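These figures come from a predicted structure and were not determined experimentally. Convention: sequence-line order gives letters A, B, ...; per-chain numbering from 1. All values below come from the heavy atoms of this structure, side chains included, with hydrogens, waters and symmetry mates left out.
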Number of protein chains: 2
Amino acid sequence: MKGRPVATGSTPSSGTTIYSVAERAGVSIASVSRVLQGSTAVSEKTRLRVLAAADELKYVPLAAARSLAVRHHEAHGLVLPELSGPYYSELLMGFESRAAELGQSVVLMLAEGKSDLVRAVRNLATRVDGLAMLGSSAIPDATVTAMHGSKPVVLIAGDARPDIDTVTSENTGSAEAITSHVLGHGRRRVLFAGDPASGPDVRDRYAGFVAAHEAAHLSAAEPVRIALREIDGRALADRLLSGDLRADALVCANDELALAVMKRLREGGQVVPDDIAIVGWDDVMTARYVEPGLTTVRQPVRELGASAADRLHQRITGAPVGDGPQVIPTSLVIRSSCGCPPEGVSR
Amino acid sequence: MKGRPVATGSTPSSGTTIYSVAERAGVSIASVSRVLQGSTAVSEKTRLRVLAAADELKYVPLAAARSLAVRHHEAHGLVLPELSGPYYSELLMGFESRAAELGQSVVLMLAEGKSDLVRAVRNLATRVDGLAMLGSSAIPDATVTAMHGSKPVVLIAGDARPDIDTVTSENTGSAEAITSHVLGHGRRRVLFAGDPASGPDVRDRYAGFVAAHEAAHLSAAEPVRIALREIDGRALADRLLSGDLRADALVCANDELALAVMKRLREGGQVVPDDIAIVGWDDVMTARYVEPGLTTVRQPVRELGASAADRLHQRITGAPVGDGPQVIPTSLVIRSSCGCPPEGVSR
DNA sequence: CTGTTAGCGCATTCAA
DNA sequence: TTGAATGCGCTAACAG
């Protein structure tokens with residue numbers, strides 16, 4: 001026989017269980033559960049009594065106990081490489097916001113610094129109903145595959161795989177557009193900065209870069225394979241300055257890189273865009289503060305995050321889910337680093 | 001009598017319980033639990049059998065079940081206002097990183113958009129062992145107080161309260177230093193932009209602003225009470241431009257504001273720092289890209305987050321904890337927006 | 001409409 | 001050293 005826990009009237013607000021409120025309301029725990037779940041009909045009288053008791057005791061069901069009983073967690077897992085720059089933050093905000101609307105908690109995990117990612121993710125999986133992961137070299141496919149099958153998984157900005165849900169923002173088309181724009185300014189020695197192997201995003205952007213050249217019957221240069229951080233940008237600028245690399249335009253895989261290159265180049269006496277045009281990707285805050293304003297591609301990152309949460313929830317609940325990979329459109333933000341005349345209102 | 005769950009050999013990797021591995025290893029669930037917890041001594045033989053079985057089945061204990069049994073969650077809760085700008089992201093990275101080192105998951109909640117924050121936080125509390133919250137107007141004291149007593153709580157960048165653990169970065173002293181620096185350039189009509197009522201951070205910075213004036217036997221102006229976003233900065237610049245407000249120096253409560261003001265002012269024909277000096281707070285990326293470089297205060301935000309996680313864990317585990325509020329030092333970053341000559345190397 | 005009861009999966013005491 | 005049994009707090013049948 002199950003011993004009913006002692007009703008500890010001493011503990012302030014914690015330690016109050018369903019038994020406490022049941023006792024306080026003079027009903028069974030089943031009734032308490034009922035009114036709180038709103039499942040079965042309950043007499044208005046007991047309903048009120050329970051509500052009052054629960055309120056006075058500030059009762060909130062223990063998540064773990066509830067999870068164990070209902071066999072799900074009401075939580076979404078999110079795995080991101082890290083959080084520097086506005087991209088991941090925006091993504092996270094969109095994700096958290098939508099998850100909250102859906103009544104789901106979000107437990108976050110950053111890949112950075114984890115020696116055994118697969119183990120960590122597997123552990124995370126034991127406390128959530130599904131996982132959203134960002135596709136990148138920091139979160140290899142193996143990790144995704146390892147989880148797939150045991151819990152719903154949605155891949156953000158990753159490779160479209162027939163077996164896995166994917167939400168991503170448009171890359172190739174925008175990359176082709178921005179590259180064509182640069183080409184339209186008459187630039188002919190244009191370089192792509194970024195490593196296509198670092199992740200699907202960069203790879204697809206380079207693909208667009210190539211496509212734009214093909215459309216113009218030009219041959220695209222090999223990518224300058226570097227990481228997307230400030231330090232890499234400075235190094236690249238130095239190569240340009242020293243003549244080791246030659247170009248009249250630079251399509252960077254993200255703004256951080258573009259900004260760093262631009263700054264160093266100007267310090268080195270080059271003038272942008274006259275000597276060399278530079279464009280980026282992301283439309284970070286700095287992009288509109290620098291001189292000249294950075295031409296770039298804006299992604300609705302927040303929406304991306306929200307979509308991921310949505311999709312994940314659909315998979316978890318078994319709701320009917322849309323077809324193939326979901327891709328969110330991006331938009332070109334033309335400022336003057338590409339060679340266009342400065343706008344009066346740069347915003 | 002308790003019915004042993006059927007061993008579902010069908011389900012790929014999920015659905016494997018302690019019963020599965022027990023059966024596979026030919027031992028009782030107690031033994032399985034023992035070797036996995038490393039609690040009691042177990043014969044090397046069964047130990048190996050269990051480990052093998054667990055490995056083959058990729059068994060990971062269900063968090064909820066474990067939590068219920070051990071009566072804690074192995075998870076830290078973190079409540080932040082939102083995530084825009086580098087500040088919160090850095091904080092979050094520091095927090096997550098340290099929490100992970102301590103073997104704790106982190107469940108994140110953003111205050112932004114939550115209509116009933118107290119309810120949301122209370123709910124969050126049911127799935128974590130303790131909460132770290134950022135002190136700000138978005139997360140009022142009432143919220144903190146509501147949780148205090150039921151679970152360990154640490155306040156980040158909040159008011160030092162004798163009853164609550166607090167970790168914060170130094171504000172008043174740095175504010176006094178940067179203000180004195182500006183005063184040292186001979187500026188006499190210096191304004192403080194930011195609302196001291198918006199949170200302890202801004203309040204303390206304004207206090208430092210006042211202190212610097214007092215030290216120089218000057219009287220400090222009332223704060224210009226505005227929010228810290230770009231749009232507010234533009235509005236402030238317009239007031240300066242129109243002559244509605246008059247100043248030869250501006251101490252802004254954060255960089256976003258300072259940057260926005262500076263940009264607008266320059267568009268309006270003013271020259272910084274000649275006509276007006278401007279300094280900020282945070283040292284965001286843009287601060288070193290603009291012309292002139294923004295003089296500001298750098299905070300070790302990441303460390304702040306890590307400290308919060310540490311402190312929280314100490315409280316949860318009942319470890320001996322250091323004395324009063326923990327404050328982390330900041331540093332002045334002098335560039336040229338304050339009136340100092342531009343450095344050759346602005347980094 | 002309401003109370004009783006059987007698990008959810010795991011850690012842990014108690015015997016053996 | 002091991003297995004059987006109990007209970008963590010809660011939901012969901014199942015009887016009344």
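- Between B:Y59 and C:dC10 there is a side-chain N or O to OP1 or OP2 distance below 4.0 Å.
- For B:A41, taking side-chain heavy atoms from C-beta onward, the closest of the listed nucleotides C:dT12, D:dT1, D:dT2 is D:dT1.
- The closest donor-acceptor contact from the side chain of A:R315 to the backbone of A:P152 lies at 3.5 Å or more, if one exists at all.
- Note: CG (A:L57) to P (D:dC10) measures 12 Å, nearest angstrom.
- For B:A69, the listed nucleotide lying nearest its side chain is D:dG7; candidates were D:dG7, C:dC8, D:dA12.
- To the nearest angstrom, P of C:dG9 lies 16 Å from CG of B:L36.
- Put simply, CD1 on A:I18 is 11 Å from P on D:dA12, counting in whole angstrom units.
- Electrostatic pairing of B:D159 and B:R161 does not count as a salt bridge here, judged by no charged N lying under 4.0 Å from a carboxylate O.
- One finds a side-chain N or O of A:S31 lying less than 4.0 angstrom from the OP1 or OP2 phosphate oxygen of C:dG3.
- If you find the closest nucleotide of DNA chain D to B:R47 and to B:L68, the one lying nearer the 5' end belongs to B:R47.
- Residue whose closest nucleotide on DNA chain C sits further toward the 5' end, between B:Q37 and A:K45: A:K45.
- Regarding contacts with the backbone of C:dA11, a side-chain N or O of B:R66 is found under 4.0 angstrom from either OP1 or OP2.
- Remark: the backbone N or O of B:L131 is not paired with any side-chain donor or acceptor of B:K151 at under 3.5 angstrom.
- Rounded to whole Å, the distance from NE2 on A:H72 to P on D:dA12 is 9 Å.
- Between B:S43 and D:dT2, a side-chain N or O to OP1/OP2 separation shorter than 4.0 Å is present.
- Looking at B:D129, its side chain does come within 3.5 Å of a backbone N or O of B:H73 through a donor-acceptor pair.
- In this model, the phosphate group of D:dC8 is not approached by any side-chain N or O of B:R71 to a distance below 4.0 Å at OP1 or OP2.
- Residue contacts shown for B:S67 are absent, as no nucleic acid heavy atom lies under 4.0 Å away.
- B:V27 comes within contact range of the sugar-phosphate backbone alone, with a heavy-atom separation under 4.0 Å but no base atom that close.
- In summary, of the residues considered (A:R119, A:M147, A:M109), a side chain to side chain contact (heavy atoms under 4.5 Å, CB included) with A:L124 occurs for A:M109 alone.
- A:E23 places its CD atom 14 Å from the P atom of D:dG9, with the value rounded to the nearest Å.
- When rounded to the nearest whole Å, the span between CG of A:L48 and P of C:dC1 equals 15 Å.
- Of the candidate nucleotides D:dC10, D:dA12, D:dT2, D:dT2 has the atom lying nearest to any side-chain atom of B:T40.
- Of the candidate nucleotides D:dC10, D:dT2, D:dT1, D:dT2 has the atom nearest to the side chain of B:R34.
- The nearest whole Å value for the distance from the NE2 atom in A:H73 to the P atom in C:dC8 is 15 Å.
- Distances shorter than 4.0 Å separate none of the side-chain N or O atoms of B:S28 from OP1 or OP2 on D:dA4.
- B:S31 and B:T46 are not linked by any side-chain donor-acceptor pair at a separation below 3.5 angstrom, with hydrogens and angles left out of the test.
- Here B:T46 does not reach the OP1 or OP2 of D:dT1: none of its side-chain N or O atoms lies under 4.0 Å away.
- Taking atom CD1 on B:I29 and atom P on D:dG7, their separation rounds to 15 Å, with Å as the unit.
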